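Everything numeric in this text was worked out from a predicted model, so none of it was measured. Protein chains get the first letters and strands the later ones, always in sequence-line order, with residue 1 at the start of each.
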Protein chains: 2
Amino acid sequence: MWERGYASTSPRKILDRAEVGQGSMYHHFGSKEVLAAAAFERSAAATLARAESVLAGSEEDAASRVVGYLLAQRDVLLGCPVGRMASDPDVLASDSLSAILRTTFAQVRALLTEVIATGIAAGGLRAADPAELADTVLAVVQGGYVLARAEGDAEPFERAVRGAAAMLRTDGERGDRAKR
Amino acid sequence: MWERGYASTSPRKILDRAEVGQGSMYHHFGSKEVLAAAAFERSAAATLARAESVLAGSEEDAASRVVGYLLAQRDVLLGCPVGRMASDPDVLASDSLSAILRTTFAQVRALLTEVIATGIAAGGLRAADPAELADTVLAVVQGGYVLARAEGDAEPFERAVRGAAAMLRTDGERGDRAKR
DNA sequence: GTCTATAACTCGATAGAC
DNA sequence: GTCTATCGAGTTATAGAC
């Protein structure tokens, strides 16, 4: 589902990949939606964990952690395992699936807001509303995925996050120092 | 298709909305893909025209035009009529549809790059690579749509673009002056 | 617990009357 | 140029043997 999205991933394709019969799947999961919720919950937890490991580390200063989140390695052309789901009408129509989407974004947003506020206080990031900047950072990453997939090329993503890093840091030119 | 995406918009739904029979549609368009290309070309042209009207205006200074693009009114919860298509595997698999996607983004990117370069030279925008910042601006908007749709609420979009405007302008605090 | 078979439906597309 | 009827394939889900 990470590869093809929710609607485009039919039970048939899942069964072929898993090399089991229909019965097995419907024995363990009541429906495609329940299966998707289990899979999505897993990948969302993994995504959140990686965000936490970059943002909550205590070795680097707050500004470098925010920039590190922007510049972190990602499977750009596959798309974000979380954000990708937001474009599927079937996902938004499902309470269980859209709930995972909302809570995961809310958790990363909260983390980012806190680290950004710390970074502004310490002087490494430019002064502005931390809540707004947290959504700006989230949007740059999510939008970078969109641009890269549209182009079939990771470059637009890389340009977008480098530009954002340069804008955020008070020493703009060294904005990409942290992870490169 | 703007409302539901390409894959999720079946010929049946189009015919119901248009109040015509199957025959009419297949008389004028060879396939769903051809129909979608015609519709997509229209909405992409309209989207590009609105971007041009904000970015290519000569009354405001370059920095205000970039901020104006960020803060322009949009149907946030519907999603970007162009960017929305990038998340559909069927669209990316179609040469005719993905070509519209690529060229439209390329055109807005070129416009943005030029205006941003002018704005940096004039001192209204912070100094950085204009090509990177152009993708940053595009990504903030596209990502803002993703966040807003995930939440079912336009607020994350508004925060993201306001944060970006504040970061871009040399007088960050008044970044949202242009259009509010 | 897993399998095959199949139900009930929708998909995109075509046929042929009018 | 538009209509209704229908095709074959694929969808999500269920039935029932093993």
Side-chain angles (χ1 to χ4, degrees), chain A residues 1-44 78-79 81-82 84-102 149-150 152, chain B residues 1-44 78-79 81-102 149-150:
Chain A
M1 288 189 177
W2 182 10
E3 289 170 27
R4 311 197 27 84
Y6 174 65
S8 290
T9 304
S10 64
R12 191 77 192 75
K13 285 176 190 137
I14 296 170
L15 303 173
D16 287 352
R17 175 85 59 102
E19 289 175 344
V20 296
Q22 309 256 79
S24 298
M25 178 180 129
Y26 282 102
H27 175 77
H28 293 286
F29 302 96
S31 67
K32 176 184 170 177
E33 186 183 345
V34 172
L35 170 69
F40 188 23
E41 210 135 22
R42 263 180 94 110
S43 67
L78 270 180
V82 178
R84 201 182 195 317
M85 300 289 139
S87 59
D88 193 319
D90 292 3
V91 170
L92 298 181
S94 156
D95 285 345
S96 59
L97 296 176
S98 63
I100 302 169
L101 199 49
R102 283 194 305 275
R149 284 175 61 81
Chain B
M1 288 189 177
W2 181 11
E3 289 169 27
R4 310 198 27 88
Y6 175 63
S8 289
T9 304
S10 65
R12 193 75 192 74
K13 285 176 191 137
I14 296 170
L15 303 173
D16 286 352
R17 174 85 60 102
E19 290 177 342
V20 297
Q22 309 256 77
S24 298
M25 178 181 129
Y26 281 103
H27 175 77
H28 293 287
F29 301 96
S31 67
K32 176 184 171 178
E33 186 184 344
V34 172
L35 170 69
F40 188 23
E41 211 135 21
R42 263 179 94 109
S43 66
L78 270 180
V82 178
R84 200 182 195 317
M85 300 289 138
S87 58
D88 194 317
D90 292 3
V91 170
L92 299 180
S94 155
D95 285 345
S96 57
L97 296 177
S98 64
I100 301 170
L101 199 49
R102 284 194 305 277
R149 285 175 60 80

Next on the checklist: Are A:Tyr26 and A:Pro11 packed together at the side-chain level, in the sense that at least one heavy-atom pair is separated by less than 4.5 angstrom?
Outcome noted: yes
Next on the checklist: Can you measure A:Gln22 atom CD to D:dT12 atom C1' for me and round it to whole angstrom units?
Outcome noted: 9 Å
Next on the checklist: For B:Leu78, is there any backbone N or O sitting under 3.5 Å from a side-chain donor or acceptor partner on B:Arg84?
Outcome noted: yes
Checklist entry - Starting at CZ of A:Arg12 and ending at P of C:dA7, how long is that distance when rounded to a whole Å? => result 17 Å
Checklist entry - Are A:Glu3 and A:Lys13 ion-paired here, with the side-chain N under 4.0 Å from a carboxylate O? => result no
Item to check | For B:Phe29, side-chain contact (heavy atoms from CB on, under 4.5 Å) partners two or more places apart | outcome: B:Val34, B:Leu35, B:Ala38
Item to check | Interface residues of residues 23-33 of chain A with DNA chain D (non-hydrogen, below 4.0 angstrom) | outcome: A:Tyr26, A:Ser31, A:Lys32
Next on the checklist: If you take any heavy atom closer than 4.0 Å to DNA chain D, which residues from residues 89-96 of chain B end up in contact?
Outcome noted: none
Checklist outcome for this item: So salt bridge (Lys or Arg N to Asp or Glu O under 4.0 Å) across residues 18-35 of chain A, not counting sequence neighbours, yields none
Checklist entry - Between the side chain of A:Arg4 and the main-chain N/O of A:Ser10, is any donor-acceptor distance below 3.5 Å? => result no
Item to check | Worked verdict on A:Leu101 versus A:Leu92 for side chain to side chain contact (heavy atoms under 4.5 Å, CB included) | outcome: CA-CA 9 Å; A:Leu101 199 49; A:Leu92 298 181; 4.0 Å; yes
Item to check | Residues in side-chain contact (heavy atoms from CB on, under 4.5 Å) contact with B:Glu41, at least two apart in sequence or another chain | outcome: B:Ile100
Checklist entry - Could you give the distance from OG (B:Ser87) to CG (A:Asp88), rounded to the nearest 0.5 Å? => result 8.0 Å
Item to check | Closest heavy-atom pair and its distance - B:Tyr6, B:Ala36 | outcome: CE1-CB, 3.3 Å
Item to check | Any residue of residues 13-21 of chain B with a heavy atom less than 4.0 Å from an atom of DNA chain D | outcome: B:Val20, B:Gly21
